[in-house]
Amino acid sequence: MSSPLRFDRAHTDDLMSFLAASPSPYHAVANAAARLEEAGFQQVEETAAWDATAGGKYVLRGGAIVAWYVPEGARAHTPFRIAGAHTDSPNLRVKPLPDTGAHGWRQIAVEIYGGTLLNTWLDRDLGLAGRISLRDGTHRLVNIDRALLRVPQLAVHLDRSANTEGLKLDRQKHMQPIWGLGDVQEGDLIRFVAEEAGVDAADVTGWDLMPHAIEPPSYLGRDRELVAGPRMDNLLSVHAATAALAAVAGQPDAKIPYIPVLAAFDHEENGSQSDTGADGPLLGSVLERSVFARGGSYEDRARAFAGTVCLSSDTGHAVHPNYAERHDPTHHPVANGGPILKVNVNMRYATDGSGRAVFAAACEKAGVPWQSFVSNNAMPCGTTIGPITAARHGIQTVDIGVAILSMHSARELCGADDPYLLANALTAFLAG
């Protein structure tokens with residue numbers, strides 16, 4: 001799939017719509033599933049028996065989705081091509097007993113999820129989204145996308161050192177949002193959320209709720225060559241991989257030598273150790289059941305996995321113009337320079353020379369420029385789902401992504417070309 005070196009406005013517009021409509025991992029996978037269904041994919045239940053029919057299928061589990069397309073004539077030992085990503089972003093999460101407050105202010109008790117930049121949540125108009133669990137075992141998505149909450153910053157008159165010695169935030173005391181005035185009423189928040197969702201509060205037995213910034217994504221800059229928005233880490237990759245899988249599924253089957261897969265996991269930001277995280281069994285279970293549904297044996301499963309490659313796509317660091325010394329002096333990824341290949345010889349990223357060749361071939365096929373990223377030796381290197389996927393499943397994995405600024409902020413920044421270029425590279429990779 002060839003692509004111009006200027007971004008496709010329709011793709012970037014759709015990314016911004018996807019970001020705005022996905023304030024939680026549960027919304028993200030629902031929106032990805034809706035796009036795949038438009039491309040002819042069908043949901044399969046994990047509790048049902050799977051068959052060998054060709055076509056697009058997907059599994060939803062909590063905030064994770066695994067989708068795959070079986071071409072006509074695929075063998076039991078046909079290898080997979082996997083585009084990996086994660087659906088969660090660092091943020092605030094509502095506690096089990098959410099109603100709190102002091103001195104006439106009604107507040108919501110929250111935990112800190114992942115390595116969020118706390119100061120970026122201050123003085124923002126926040127909505128509330130996620131899912132509620134009902135007494136009958138079903139779930140209901142909730143998105144209160146209006147100004148409901150706010151984490152107020154202390155005035156500079158009461159903290160004269162904030163601009164000279166730096167802002168110091170206590171994660172427990174300073175991050176609880178306000179949402180009104182008056183006495184604290186136990187059960188108040190869930191009654192309100194239930195009313196918004198159109199259900200009886202007595203039927204709500206559990207919840208996974210999180211504040212989100214309600215300011216919509218937008219183009220930025222004189223020439224609109226940048227995009228600012230929430231949750232780019234890592235819904236940018238989820239959106240690109242979903243678009244790529246749908247595009248490949250629309251190609252003639254004769255041109256697809258692999259089984260293309262989208263694997264978007266939850267809980268990457270806190271270690272991936274859950275039943276919906278990359279360190280859980282979900283991906284391996286889906287791939288194995290796909291092999292066995294086509295009549296395969298354990299030998300076929302081993303052959304398929306041995307020929308499988310995963311591109312683990314997650315955002316990385318663009319060189320920061322105000323802090324260039326924090327980056328490696330010879331590796332300065334720039335916005336709109338194309339996707340980045342992420343390398344760390346200590347296996348914080350799974351990329352090796354062989355994986356580099358796979359990625360380079362996909363970018364060359366797509367006509368997409370690409371860049372290399374390594375961390376400054378004096379700075380600790382982050383990690384992502386790539387090494388976990390490689391180690392857990394014995395699958396060759398390559399870590400890639402898009403270079404952004406303000407990573408883990410409530411509002412991040414990327415080049416407007418790069419999402420489209422990433423999607424093109426992933427499409428070429430999945431198509432083989």
Side-chain angles (χ1 to χ4, degrees), residues 50-59 64 66-85 241 244-245 248-249 251 253-265 272 277-314 341-365 383-400 425-432:
W50 293 4
D51 58 38
T53 56
K57 306 173 185 181
Y58 70 90
V59 165
V66 179
W68 65 103
Y69 179 80
V70 180
E72 290 285 354
R75 308 282 295 276
H77 60 268
T78 298
F80 301 93
R81 281 284 176 101
I82 304 168
L245 179 60
V248 172
Q251 297 181 2
D253 284 355
K255 295 185 178 181
I256 306 176
Y258 301 96
I259 295 175
V261 179
L262 159 68
F265 302 101
S272 295
D279 204 17
L282 180 58
L283 176 60
S285 173
V286 168
L287 298 185
E288 289 177 349
R289 290 185 68 177
S290 177
V291 170
F292 298 151
R294 296 194 301 279
S297 62
Y298 182 81
E299 179 71 11
D300 292 312
R301 180 262 187 212
R303 293 175 65 188
F305 276 44
T308 293
V309 184
C310 173
L311 287 190
S312 163
S313 182
D314 199 352
L341 179 73
K342 301 161 78 171
V343 177
N344 179 266
V345 295
N346 294 301
M347 288 293 105
R348 301 292 286 172
Y349 302 128
T351 306
D352 62 9
S354 177
R356 174 191 171 104
V358 172
F359 177 64
C363 289
E364 182 178 353
K365 179 181 177 182
T383 189
T384 182
I385 65 169
I388 294 170
T389 302
R392 182 170 183 85
H393 305 294
I395 290 172
Q396 182 183 17
T397 304
V398 188
D399 278 304
I400 66 166
L426 289 176
T427 300
F429 165 74
L430 292 178

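In what follows, every heavy atom counts, from backbone to side chain, and hydrogens, waters and symmetry copies are set aside. Counting from 1, the numbers follow the sequence of the chain as shown.
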Q: Roughly how far apart are L311 CG and I400 CD1, rounded to 0.5 Å?
A: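 Here the rounded value is 4.5 Å.
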Q: Please check if the side chain of D399 supplies one atom and the backbone of Y349 the other of a donor-acceptor pair under 3.5 Å.
A: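 Such a contact is absent between D399 side chain and Y349 backbone.
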Q: Kindly indicate whether the side chain of F305, heavy atoms from C-beta on, has any atom under 4.5 Å from the side chain of E288.
A: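 Sidechains of E288 and F305: in contact.
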Q: So which heavy atom on A362 is nearest to which on A425, and how close?
A: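 Residues A362 and A425, closest heavy atoms: CB-O, 3.8 Å.
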Q: Would you give the length of the straight line joining atom CG of L262 to atom OH of Y69, rounded to the nearest 0.5 angstrom?
A: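 Output value for this atom pair is 16.0 Å.
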Q: Using the rule ring-ring contact (aromatic ring centres under 6.0 Å, His included), only one of W50, F80, Y258 pairs with W68; which is it?
A: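 Answer to the ring-ring contact (aromatic ring centres under 6.0 Å, His included) test with W68 among W50, F80, Y258: W50.
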Q: Which heavy atom of V291 sits nearest to which heavy atom of S297, and what is that distance?
A: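 V291 and S297 have their closest heavy atoms at CG1-O, 4.2 Å.
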Q: Any sub-3.5 Å donor-acceptor pair from R81's side-chain atoms to P260's backbone N or O?
A: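 Checked: no pair found.
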Q: Looking at every non-hydrogen atom in both residues, tell me the closest pair between V398 and G355 and how far apart they are.
A: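 Answer, listing the atom of V398 first, then G355: CG2-CA, 3.4 Å.
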Q: G84 and C310: which non-hydrogen atoms are nearest, and at how many Å?
A: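 G84 and C310 have their closest heavy atoms at N-SG, 4.2 Å.
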Q: What do the steps show when you test S354 against D352 for side-chain hydrogen bond (donor to acceptor under 3.5 Å, both in side chains), and what is the final call?
A: CA-CA 6 Å; S354 177; D352 62 9; 4.6 Å; no
Q: Looking only at heavy atoms, what is the nearest atom pair of S312 and G386, with distance?
A: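 Looks like OG-N, 3.3 Å.
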Q: Measure the CG-OH distance between L245 and Y58 for me, rounded to the nearest 0.5 Å.
A: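 Nearest 0.5 Å value for the CG-OH distance: 12.5 Å.
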Q: Would you check if the side chain of T351 reaches a backbone N or O of K342 as a donor-acceptor pair within less than 3.5 Å?
A: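 It does hold such a pair.
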Q: So, does N346 use its side chain to make a donor-acceptor pair with the main chain of R348 at under 3.5 Å?
A: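 Between the backbone of R348 and the side chain of N346 there is no qualifying donor-acceptor contact (under 3.5 Å).
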Q: For A304, is there any backbone N or O sitting under 3.5 Å from a side-chain donor or acceptor partner on T308?
A: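 Confirmed, T308 side chain pairs with A304 backbone.
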Q: Kindly compute the distance separating CG (D300) from CZ (F292), expressed to the nearest 0.5 Å.
A: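 So the CG of D300 and the CZ of F292 are separated by 8.5 Å.
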Q: Rounded at 0.5 Å granularity, tell me how far CZ in R75 sits from CZ in R303.
A: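 One gets 7.5 Å once the value is rounded to the nearest 0.5 Å.
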Q: Mind listing the closest non-hydrogen atom pair of G295 and A76 along with its distance?
A: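 Heavy atoms of G295 and A76 come nearest at C-CB, 4.4 Å.
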Q: Any chance you could measure D51, atom CG, to R294, atom CZ, to the nearest 0.5 Å?
A: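 Result: 11.5 Å between the selected atoms.
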Q: For V66 and L287: C-alpha separation, side-chain torsions, deciding distance, then whether side-chain contact (heavy atoms from CB on, under 4.5 Å) applies.
A: CA-CA 9 Å; V66 179; L287 298 185; 5.5 Å; no
Q: Show every donor-acceptor pair shorter than 3.5 Å between a side-chain atom in residues 387-395 and any protein atom, with sequence neighbours excluded, or say none if there are none.
A:
from	atom 1	to	atom 2	distance (Å)
T389	OG1	I385	O	2.8
R392	NE	G280	O	2.8
R392	NH1	D279	O	3.2

Q: List for me each residue that meets ring pair (Phe, Tyr, Trp, His ring centres under 6.0 Å) alongside F359, sequence neighbours excluded, and say none if there are none.
A: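 Ring pair (Phe, Tyr, Trp, His ring centres under 6.0 Å) check on F359 returns W370.
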Q: Counting only N and O atoms by type, is there a donor-acceptor contact under 3.5 Å from the side chain of S285 to the main-chain atoms of L282?
A: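 Checking the backbone N and O of L282 against the side chain of S285, no donor-acceptor pair under 3.5 Å is found.
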